[in-house]
Amino acid sequence: MCSTKILGCRASSSVVVEKLHLSSALRRLILLSYTSSWFSLFLHNCVLVCRNRQTDELSGTDIVSMTPWLAPVVWEGTFDSILIDSIFKQQNITIATTVFALGKYTRFLKDFLESAEEHYFVGFRVHYYLFTDQPGEVPEVKMGENHHLTVRSVPSMDRWQDISMGRMEILEKLIKNELASEADYIFCLDVDTKFYGRWGVESLGRLVGVIHPWFFDYPRDQFTYERRPESQAFIPAGEGDYYYTAAAFGGSLADVHHLTKTCREQLNIDAANSIEAIWHEESHLNKYFLYNKPNKLLSPEYLWRDISISAAQVKIIRFSHVAKNNEEVRPNF
Ligand code: UD2
């Protein structure tokens with residue numbers, strides 16, 4: 001599986017060449033390639049991009065804006081928000097959005113919902129589906145125009161791992177039984193999070209993965225994929241494209257239904273074999289995306305690790321985890 005990264009389209013060819021510090025002969029060859037289409041393919045695939053950590057070599061601010069299978073990676077500067085809003089406005093779409101808050105995680109709801117109402121698909125139809133074991137703890141948050149919230153009761157669970165993994169089955173059923181005539185797209189988000197910037201229609205696609213904020217500039221061999229062949233989530237060494245977070249993913253109803261159904265089935269097989277993947281449903285999600293490539297990737301702007309941490313490539317933090325004391329908030333440790 002190719003792990004090649006392709007340089008962001010934001011960088012002009014001459015800027016890229018400057019930054020590469022290549023020998024003058026090679027530089028001339030590269031410049032020549034921009035007027036020669038056959039060689040430009042070679043250039044893209046071999047010369048410029050066969051690096052896992054291109055930022056070491058470059059200025060530290062270059063970004064990957066296209067995958068090797070030609071899916072766009074959305075970063076600030078890669079889209080025109082006014083233009084893309086006006087295109088989607090004509091389509092009258094609804095975005096279903098799921099979030100789970102069980103046990104002490106209800107404390108994250110106020111910030112999550114209030115900040116979403118400020119930044120998340122503003123001006124578009126959004127239907128939040130909130131799953132909780134304590135409906136009485138759901139805060140009153142004023143919804144914007146065409147934004148609705150439905151609260152659903154789910155049973156409490158003793159293990160945070162079961163809560164996290166159990167989301168796949170609930171999402172599968174929600175999509176199959178209720179959403180077909182209700183929504184066009186769906187996003188599934190973690191609740192221990194907060195929005196800080198625009199998250200809009202630029203994020204929509206048939207199948208959308210978000211690059212994990214801890215691994216976006218790591219080499220593939222350091223990704224925390226499941227490495228035990230006994231698990232259905234197993235990814236062999238040398239394979240994989242990106243490491244995706246399970247804290248945010250989405251797409252069309254049909255595609256996310258297939259994703260959640262497949263992950264639920266694989267989780268069940270693992271459970272029957274008394275094995276739990278290293279990062280639970282996130283491991284299965286990564287396996288799924290390896291063999292079912294997302295057609296759009298969201299950069300770590302769309303799920304950052306901590307608002308106080310910065311990285312040169314991340315110009316805007318749109319959505320971020322909030323700091324939490326796992327020992328204190330989880331039902332088990
Ligand atoms: C990572 C993933 C998370 C999930 C988990 C599985 C990232 C950034 N996040 O986060 O998506 O794959 O690993 O190992 O990669 N929840 C409750 N009550 C609980 C426990 C969990 O409602 O007591 C829900 C809640 O919506 C939470 C989500 O499950 O946001 C994931 O749990 P987590 O945030 O504690 O998992 P974490 O931080 O290890």
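Residues take their numbers from the sequence shown, with the count starting at 1. Start at 1 and go down the list; that is how both ligands and their atoms are numbered. Everything numeric here is computed off the predicted structure, so don't read it as measured data.
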**Prompt:** Can you check whether Met157's main-chain N or O pairs, donor with acceptor, with Asp162's side chain at less than 3.5 Å?
**Reply:**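 No, the answer is negative, given that no donor and acceptor are paired below the 3.5 Å cut-off.
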
Check: Counting distance only, does the side-chain N/O of Gln134 pair as donor-acceptor with the main-chain N or O of Gly136 below 3.5 Å?
Finding: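 Here the side-chain-to-backbone pair does not exist.
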
Report yes if the side chains of [X] and [Y] come closer than 4.5 Å at any heavy-atom pair, otherwise no.
{"X": "Tyr129", "Y": "Leu179", "answer": "yes"}
{"X": "Tyr242", "Y": "Arg220", "answer": "no"}
{"X": "Arg107", "Y": "Lys324", "answer": "no"}
{"X": "Val314", "Y": "Trp75", "answer": "yes"}
{"X": "Lys287", "Y": "Tyr225", "answer": "no"}
{"X": "Ile95", "Y": "His127", "answer": "no"}
{"X": "Val99", "Y": "Phe131", "answer": "no"}
{"X": "Phe121", "Y": "Val201", "answer": "yes"}

List ligand 1 atoms under 4.0 Å from [X], heavy atoms only on the residue side.
{"X": "Phe100", "value": "22 (O), 25 (C), 26 (O)"}
{"X": "Asp192", "value": "27 (C), 30 (O), 34 (O)"}
{"X": "Trp160", "value": "6 (C), 14 (O), 20 (C)"}
{"X": "Leu303", "value": "8 (C)"}
{"X": "Ala101", "value": "22 (O)"}
{"X": "Arg330", "value": "33 (P), 35 (O), 36 (O), 37 (P), 38 (O), 39 (O)"}
{"X": "His212", "value": "7 (C), 8 (C), 15 (O)"}

Shortest protein contact, [atom] (heavy atom only):
{"atom": "atom 7 (C) of ligand 1", "result": "Thr245 OG1, 3.3 Å"}
{"atom": "atom 13 (O) of ligand 1", "result": "Trp279 CE3, 4.1 Å"}
{"atom": "atom 1 (C) of ligand 1", "result": "Glu282 OE1, 4.3 Å"}
{"atom": "atom 10 (O) of ligand 1", "result": "Asp190 OD2, 4.2 Å"}
{"atom": "atom 14 (O) of ligand 1", "result": "His280 ND1, 2.6 Å"}
{"atom": "atom 32 (O) of ligand 1", "result": "Ser164 OG, 4.1 Å"}
{"atom": "atom 4 (C) of ligand 1", "result": "Glu281 OE2, 3.0 Å"}
{"atom": "atom 18 (N) of ligand 1", "result": "Leu102 O, 2.9 Å"}

* Asked: Heavy-atom contact under 4.0 Å between Gln161 and ligand 1?
  -> no

May I ask whether Arg167 has any heavy atom positioned less than 4.0 angstrom from an atom of ligand 1?
->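 The answer is yes, since Arg167 has a heavy atom less than 4.0 Å from ligand 1.
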
At a non-hydrogen distance cut-off of under 4.0 Å, which region of [X] contacts ligand 1 (side chain, backbone, both, or neither)?
{"X": "Lys324", "result": "side chain"}
{"X": "Ala247", "result": "both"}
{"X": "Ile163", "result": "side chain"}
{"X": "His321", "result": "side chain"}

| query | Using the benzene-type ring in the case of Trp, are the ring centres of His212 and Phe223 under 6.0 Å apart? | reply |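 No, they do not, as the ring centres are separated by 6.0 Å or more.
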
Whether Trp160 and His280 hold their rings parallel, tilted or perpendicular, with breakpoints at 30° and 60°:
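The rings of Trp160 and His280 stand perpendicular, inter-plane angle above 60°.
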
- Query: Does the ring of Phe124 carry Lys89 above it, NZ/CZ under 6.0 angstrom from centre and within 45° of its axis?
  - Reply: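 Yes, Lys89 lies over the aromatic ring of Phe124.
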
